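Protein chains get the first letters and strands the later ones, always in sequence-line order, with residue 1 at the start of each. What you see is a predicted model, and the numbers here were worked out from it, not measured in a lab. Atoms considered below: every heavy atom in the structure, side chains included; atoms not considered: hydrogens, waters and symmetry mates.
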2 protein chains.
Amino acid sequence: MTETRTSPDSGRRPTRQRAAVAAVLADVEEFRSAQELHALLREAGEKVGLATVYRTLQQMAADGSIDMLRTAEGEAVYRACSTGHHHHLVCRECGRTVEVEGPAVERWATKVSEEHGFSDVQHTLEIFGTCADCADGGGVTPQVSRP
Amino acid sequence: MTETRTSPDSGRRPTRQRAAVAAVLADVEEFRSAQELHALLREAGEKVGLATVYRTLQQMAADGSIDMLRTAEGEAVYRACSTGHHHHLVCRECGRTVEVEGPAVERWATKVSEEHGFSDVQHTLEIFGTCADCADGGGVTPQVSRP
DNA sequence: CTTGAACTGAGAACGATTGTCAAAACCCGT
DNA sequence: ACGGGTTTTGACAATCGTTCTCAGTTCAAG
Ligand SMILES: [Zn+2]
Ligand SMILES: [Zn+2]
Ligand SMILES: [Zn+2]
Ligand SMILES: [Zn+2]
């Protein structure tokens, strides 16, 4: 109860580690796991503990500043998306991700929830497929970027 | 290439264990984890190894004879649903599950995939919320069934 | 009955994630 | 700049769902 905070921030402190995680996320286009991001940080010369990466990603996801979803294998993967509610079209081969919006879907979800008396609802909706390049190239060398 | 099978089944053998797993699934309304189902089997007096439960559930899910989805925590949960493509409205409190269909959503997903040149697409769509009973009762005693 | 393939299960192994806790970094008032 | 209380960090252990191993069991065809 000794709250004497001058600036009403969220109680988070800006640290080198958090900046590093945010930076690597900004550089990556695809959804990546905590471990992959940790490896990328090491490659970039940034020394950040794995536990810190996990903690930071969770916080950012909770804040809504990044998106998190689960792969088919149940692994959590993260991505710095644009703001606002949206869903994803993800290539299984190369990981390329397209953000998509579907107002009709949002309405449908709301309607269905109401019809069944559910409140405080959330929904998860992701589409997985093979992108044109991967279907084309034959998936021999999964490429992550293209000019 | 020595295929001399008289009855063209899927190469699966009907065993006591598989019947037991199917039976417990038929008795349960909610999505349940492999471990929970294993516990239920033990309670019911059926002796089935945990590994077998995992294997059987995976096979049934692959066959499409049961549905599998992941909780927010990433745990796989299973349910014997009606046949046909559908999605779920799941209560976070009591686990009550309603199967829902959304033709418009299916069309939207297809359209979006095509627009971006994705092929061989799948989608996951689940709605989580609090059902009327749980919102009402105050969630003091999460109940799984009700007359 | 014989026999090879499918199946099972106890326990080890695995891998992602979380917990621990002392040390380090930080903020703020002095 | 200094000190003290709070937050954050990170090496490591621990947890926990899931998968692997492999010898023993069951099955069904012949
Ligand atoms: Zn996103
Ligand atoms: Zn949505
Ligand atoms: Zn279902
Ligand atoms: Zn669908």
ask   = Does B/Arg18 put a side-chain nitrogen or oxygen below 4.0 Å from OP1 or OP2 of C/dT8?
value = yes
message = Against B/Ile127, only a single residue in A/Leu125, A/Thr124, A/Val121 fulfils side chain to side chain contact (heavy atoms under 4.5 Å, CB included); can you say which?
response = A/Val121
message = Can you confirm whether the side chains of A/His123 and B/His87 place a donor and an acceptor under 3.5 Å from each other?
response = no
ask   = Ion pair present between A/Arg32 and A/Glu75, side-chain N to carboxylate O less than 4.0 angstrom?
value = no
ask   = Could you give the CG-to-C1' distance, from A/Leu50 to C/dA16, as a whole number of Å?
value = 9 Å
Base of D/dG10 paired with side chain of A/Arg55 (donor-acceptor, under 3.5 Å) = yes
task = Measure the distance from CZ on A/Arg16 to C1' on D/dT9 and round it to the nearest whole Å.
result = 9 Å
query = CD/B/Glu101 to CD/B/Glu106 distance, rounded to the nearest 0.5 angstrom?
reply = 8.5 Å
Residue B/Tyr54, side-chain heavy atoms: nucleotide from D/dA28, D/dG17, D/dT9 that is nearest = D/dG17
note = Atom OH of B/Tyr78 and atom P of D/dG17 are separated, to the nearest Å, by 13 Å
key: Earlier contact from the 5' end, DNA chain D, for B/Val77 and B/Thr15   = B/Val77
task = Confirm from the modelled atom types if B/Arg70 and D/dG17 form a donor-acceptor pair under 3.5 Å, side chain to base only.
result = no
message = On a heavy-atom basis, which atom in B/Thr97 and which in B/Glu30 lie closest, and how many Å separate them?
response = OG1-CA, 4.4 Å
query = Roughly how bent is the helix from C/dC1-D/dG30 to C/dT30-D/dA1 end to end, in steps of 10 degrees, with each end axis from five pairs?
reply = 30°
task = Report the nucleotide, chosen from D/dT9, D/dG17, C/dT8, that has the shortest atom-to-atom distance to any side-chain atom of B/Glu75.
result = D/dG17
key: Nearest listed nucleotide, side chain of A/Ala51, among D/dT9, C/dC7, D/dA11   = D/dA11
remark   = Minimal heavy-atom distance between B/Tyr54 and B/Ala34, with the atoms involved, is CE2-CB, 3.5 Å
No-hydrogen, no-angle side-chain donor-acceptor test under 3.5 Å, A/Ser82 and A/Glu99 = yes
query = What's the NE2-C1' distance between B/His38 and C/dT8, to the nearest Å?
reply = 12 Å
request  = Could you check which of D/dT18, D/dT8, D/dA28 has an atom nearest any side-chain atom of B/Gln58?
outcome  = D/dT18
Nearest-angstrom distance from the residue atom CD of B/Glu73 to C1' of C/dA16 = 14 Å
key: Separation of atom CD in B/Gln17 from atom P in D/dT26, rounded to whole Å   = 9 Å
query = Looking at the side chain of B/Ala76, which of C/dG9, D/dG10, D/dT18 is the nearest nucleotide?
reply = D/dT18
Separation of atom CD in B/Glu36 from atom P in D/dC16, rounded to whole Å = 14 Å
query = Side-chain donor or acceptor of A/Arg13 under 3.5 Å from a matching atom on the base of D/dT8?
reply = no
inquiry  = Rounding to an integer number of Å, can you tell me how far A/Gln35 CD sits from C/dC14 C1'?
reply    = 12 Å
ask   = Less than 4.0 Å between a side-chain N and a carboxylate O, is that true for B/Glu46 and B/Arg42?
value = no
